[in-house]
Amino acid sequence: VQLQASGGGLVQSGGSLRLSCTASGFTLDYYAIGWFRQAPGKEREGVSCISYSDSSTYYADSVKGRFTISRDNARNTVWLQMNSLKPEDTAIYYCLADLEHSRCPPSLRLGSWSWGGQGTLVTVSS
């Protein structure tokens, strides 16, 4: 299972981007969907998650109040709206499905995430 993230780009500090997550030949229904990021030389970080069952959400403290995750199951798409971007948000962003759960885990370090899909690069200039 590989999900494709898109919508990244170069933006100035304080700007906004909207990332999209889609999957061809695979329905996102019934799965919690998470956004993760990895910056050069840094550990992978779980950024946000949205459950399938009730669309409950989770945000890392580093993005809380600035990022908003949403999903449209009919369109098989999940979005990550990123506002007030900071240089430290620069990273490759990936969207992943938790293949064993429809609700977000209590920590994004948990879960059976579908690594292997295409990420999208977000670069925030100061």
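FYI, side chains are in, hydrogens and waters are out, and symmetry mates aren't considered; it's all heavy atoms of this structure.
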Problem - Passing candidate, side-chain contact (heavy atoms from CB on, under 4.5 Å) with V122, options T90, L10, L19, I92 - result: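 Considering T90, L10, L19, I92, a side-chain contact (heavy atoms from CB on, under 4.5 Å) with V122 is found only for L19.
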
For a quick test of reading the model, state the closest non-hydrogen atom pair linking [X] to [Y] and the distance between them.
X: E100; Y: S112; value: CD-OG, 3.1 Å
X: T120; Y: G8; value: OG1-N, 2.9 Å
X: A32; Y: W113; value: O-CZ3, 4.0 Å
X: V11; Y: G15; value: CG2-CA, 3.7 Å

Working to the nearest 0.5 angstrom, can you tell me the gap between [X] [atom1] and [Y] [atom2]?
X: S20; Y: Q4; atom1: OG; atom2: CD; answer: 11.5 Å
X: T22; Y: Q118; atom1: OG1; atom2: CD; answer: 9.0 Å
X: Y93; Y: C21; atom1: OH; atom2: SG; answer: 14.5 Å
X: Q12; Y: S126; atom1: CD; atom2: OG; answer: 9.5 Å
X: M82; Y: R18; atom1: CE; atom2: CZ; answer: 11.5 Å

Problem - Set of residues satisfying side-chain contact (heavy atoms from CB on, under 4.5 Å) with respect to L99, sequence neighbours excluded - result: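 Here the qualifying residues are V1, F26, Y31, A97, S114.
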
Verify the cluster assignment for [X] and [Y]: are they in a single hydrophobic cluster under the rule of side-chain heavy atoms below 4.5 Å apart?
X: L3; Y: F67; answer: yes
X: V63; Y: L85; answer: yes
X: L80; Y: L96; answer: no

Between the side chain of [X] and the main-chain N/O of [Y], is any donor-acceptor distance below 3.5 Å?
X: Y59; Y: I69; answer: yes
X: N76; Y: A23; answer: yes
X: D72; Y: T77; answer: no

Problem - The single option from F36, W35, W115 passing ring-ring contact (aromatic ring centres under 6.0 Å, His included) against Y94 - result: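 Testing Y94 for a ring-ring contact (aromatic ring centres under 6.0 Å, His included) against F36, W35, W115 leaves exactly one candidate, W115.
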
Practice task
State plainly whether the residues R103 and D98 are in salt-bridge range, i.e. N to O under 4.0 Å.
Solution key: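 Salt bridge between R103 and D98, a charged N being under 4.0 Å from a carboxylate O: no.
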
Exercise for the section: Check whether any side-chain heavy atom of I33 sits under 4.5 Å from a side-chain heavy atom of R71, and report yes or no. Expected result: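 The answer is yes; the side chains approach within 4.5 Å.
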
Problem - Residue pair T68 / Q81, side-chain donor-acceptor N/O under 3.5 Å - result: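 T68 vs Q81: no donor-acceptor pair found between side chains.
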
Exercise for the section: Identify, with sequence neighbours excluded, every residue that meets side chain to side chain donor-acceptor pair (under 3.5 Å) alongside R66. Expected result: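 Scan of R66 (side chain to side chain donor-acceptor pair (under 3.5 Å), adjacent residues dropped) gives D89.
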
With a 3.5 Å cut-off and sequence neighbours excluded, list the donor-acceptor pairs that the side chains of residues 45-52 form with protein atoms.
residue	atom	partner	partner atom	Å
E45	OE1	R37	NE	2.8
E45	OE1	R37	NH2	3.1
E45	OE2	S62	OG	2.8
S48	OG	Y58	O	2.9
S51	OG	S56	OG	3.0
S51	OG	C104	N	2.9

